[in-house]
Amino acid sequence: QVQLVQFGGGQVQAGGSLRLSCEAHGSFFGVNDMAWYRQQPDKQRALVASITPFGTPKYTDSVKDRFTISREYGKVYLQMNSLKPEDTAVYFCTADLAGPTRTYSTYWGQGTPVTVSS
């Protein structure tokens with residue numbers, strides 16, 4: 001049983017910073033791409049940032065120059081700076097992991113809310 005567990009959500013004022021963490025737990029045998037998604041109120045879930053096993057990041061335009069994605073083995077982080085009210089959302093991490101079958105599947109974290117007040 002492989003699970004992704006998230007930490008670091010909370011409330012912050014506009015202009016502040018927050019760091020999200022995500023860790024893979026259980027018996028896994030490899031990790032490929034990792035990413036962060038968010039679901040803003042009354043909107044569909046959308047990709048925020050992704051990172052390859054070599055550490056190459058990609059960002060959606062709305063968070064470029066404010067957010068930074070990084071990774072260690074089995075872990076992914078999202079450093080969020082200069083937060084804006086429109087960043088308010090439930091944030092989810094994902095990871096492509098090789099589980100007990102030794103084949104890769106996409107796993108999702110449980111989600112953690114971030115609220116940015118003006």
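Taking hydrophobic clusters as Ile, Leu, Val, Met, Phe, Trp and Tyr residues chained together by side-chain heavy-atom distances below 4.5 Å, Val12 shares a cluster with Phe67. With hydrophobic clusters built from ILVMFWY side chains whose heavy atoms lie under 4.5 angstrom apart, Leu78 does not share a cluster with Phe92. Tyr73 and Ile69 fall within the same hydrophobic cluster, where Ile, Leu, Val, Met, Phe, Trp and Tyr residues are linked whenever their side-chain heavy atoms come under 4.5 Å apart, directly or through other members.
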Determine all donor-acceptor pairs shorter than 3.5 Å in which one atom belongs to a side chain in residues 108-118; sequence neighbours excluded.
{"unit_1": "Gln110", "atom_1": "OE1", "unit_2": "Gln6", "atom_2": "N", "d": "3.0"}
{"unit_1": "Gln110", "atom_1": "NE2", "unit_2": "Gln6", "atom_2": "O", "d": "3.3"}
{"unit_1": "Thr112", "atom_1": "OG1", "unit_2": "Gly9", "atom_2": "N", "d": "3.4"}

Show me the side-chain donor-acceptor pairs of residues 21-37 shorter than 3.5 Å, one per line, residues at least two apart or across chains.
{"unit_1": "Glu23", "atom_1": "OE1", "unit_2": "His25", "atom_2": "NE2", "d": "3.4"}
{"unit_1": "Trp36", "atom_1": "NE1", "unit_2": "Tyr77", "atom_2": "O", "d": "3.4"}

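Atom CD of Gln13 sits in a sparse spot, with 12 or fewer heavy atoms from other residues, nucleotides or ligands closer than 6.0 Å. Surrounding CD of Gln40 are more than 12 heavy atoms belonging to other residues, nucleotides or ligands, all under 6.0 Å away.
Applying the disulfide (SG to SG under 2.5 Å) test to every pair with at least one member in residues 44-81, sequence neighbours left out, gives no pairs at all.
For the pair Glu72 (side chain) and Val76 (backbone), a donor-acceptor distance under 3.5 Å is absent.
When every heavy atom of Val2 is checked against every heavy atom of Gly99, the shortest pair comes out as CG2-CA, 4.3 Å. Arg38 and Ala89 get closest at one heavy-atom pair: CB-CB, 3.8 Å. Contact between Pro53 and Arg71 at its shortest, heavy atoms only, is N-NH1, 3.4 Å.
The CE atom of Met80 sits 7.5 Å away from the CG atom of Asp87 when rounded to the nearest 0.5 Å. Expressed to the nearest 0.5 Å, how far CG of Leu18 lies from CD of Gln11 amounts to 10.5 Å. Residue Gln79 holds its CD atom at 12.0 Å from CZ of Arg66, rounded to the nearest 0.5 Å. For the atom pair Thr52 OG1 and Asp96 CG, the distance stands at 11.5 Å (nearest 0.5 Å). Put simply, OH on Tyr107 and CG on Leu4 are 9.0 Å apart, with the number rounded to the nearest 0.5 Å.
Comment: Lys64 engages Asp61 in a salt bridge, judged by a side-chain N to carboxylate O separation of less than 4.0 angstrom.
Inter-residue side-chain proximity for Thr60 and Leu47 is flagged as unmet; no heavy-atom pair is nearer than 4.5 Å. Counting heavy atoms from C-beta outward, Lys75 and Cys93 have side chains that stay 4.5 Å or more apart.
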